[in-house]
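Heads up, the thing below is written out as structure tokens.
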Amino acid sequence: MKLRFNLIPLDALRAVLKVLGAGADKYGDHSWETRNPSENIDPMFRHYEAAIRGELDEETGLPAAAHLAARALFMTAYQLRGRWLGKQE
């Protein structure tokens, strides 16, 4: 399957990249990779609920949906890397 990067909404991608940058500034680059995937669940649902309400994150000022998307990327990476909830490499 041909990857169609032109389908990515760039404004949303920029917001997610800002979230990732804020996380890296606070916790270090790629710190999420060292965490247990199950530690992602609670923050993901908090961001989900905030996104439904259309809120901005208090700390970053970015849309909660961008934080949710970042968490979804982490979960996708965990699954692709065989580290799905409770299953470790």
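Just so we're clear, the structure is a prediction, and the values are computed from it rather than from any experiment.
- The shortest distance between side-chain heavy atoms of R53 and E49 falls below 4.5 Å.
- Nearest heavy-atom pair across N40 and F74 is OD1-CD1, 3.8 Å.
- Connection of V16 to L56 is not established within any shared hydrophobic cluster, with ILVMFWY side chains joined at heavy-atom distances below 4.5 Å, either directly or through further cluster members.
- Here CD1 of I52 is found 9.0 Å from CG of L68. Values are rounded to the nearest 0.5 Å.
- For R35 against S31, the heavy-atom pair with the smallest separation is CG-O, 3.6 Å.
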Take L3 and F5, measure what side-chain contact (heavy atoms from CB on, under 4.5 Å) needs, and give me the verdict at the end.
CA-CA 6 Å; L3 300 178; F5 291 97; 3.8 Å; yes
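- F45 and V19 fall into different hydrophobic clusters, where Ile, Leu, Val, Met, Phe, Trp and Tyr side chains are chained together by heavy-atom contacts under 4.5 Å.
- Residues Y27 and L20 fall into different hydrophobic clusters, defined by Ile, Leu, Val, Met, Phe, Trp and Tyr side chains chained together at heavy-atom separations under 4.5 Å.
- Residues L62 and M44 do not share a hydrophobic cluster, defined by chaining ILVMFWY side chains whose heavy atoms lie under 4.5 Å apart.
- Hydrophobic clustering (side-chain heavy atoms under 4.5 Å, transitive across Ile, Leu, Val, Met, Phe, Trp, Tyr) keeps M75 apart from L80.
- In terms of heavy atoms, R83 sits closest to E33 at NH1-O, 2.8 Å.
- In this structure, the separation between CZ on R71 and CH2 on W32 is 11.0 Å, given to the nearest 0.5 Å.
- Side-chain N or O atoms of R46 include none that pairs as donor or acceptor with a backbone N or O of I41 at under 3.5 Å.
- Evaluated for a side-chain contact (heavy atoms from CB on, under 4.5 Å) with P9, the options L13, D11, L7 yield exactly one hit, D11.
- The shortest non-hydrogen separation linking A64 to A51 is CB-N, 3.5 Å.
- Checked by atom type and distance alone, the side chain of D57 never pairs as donor or acceptor with a backbone atom of H67 at under 3.5 Å.
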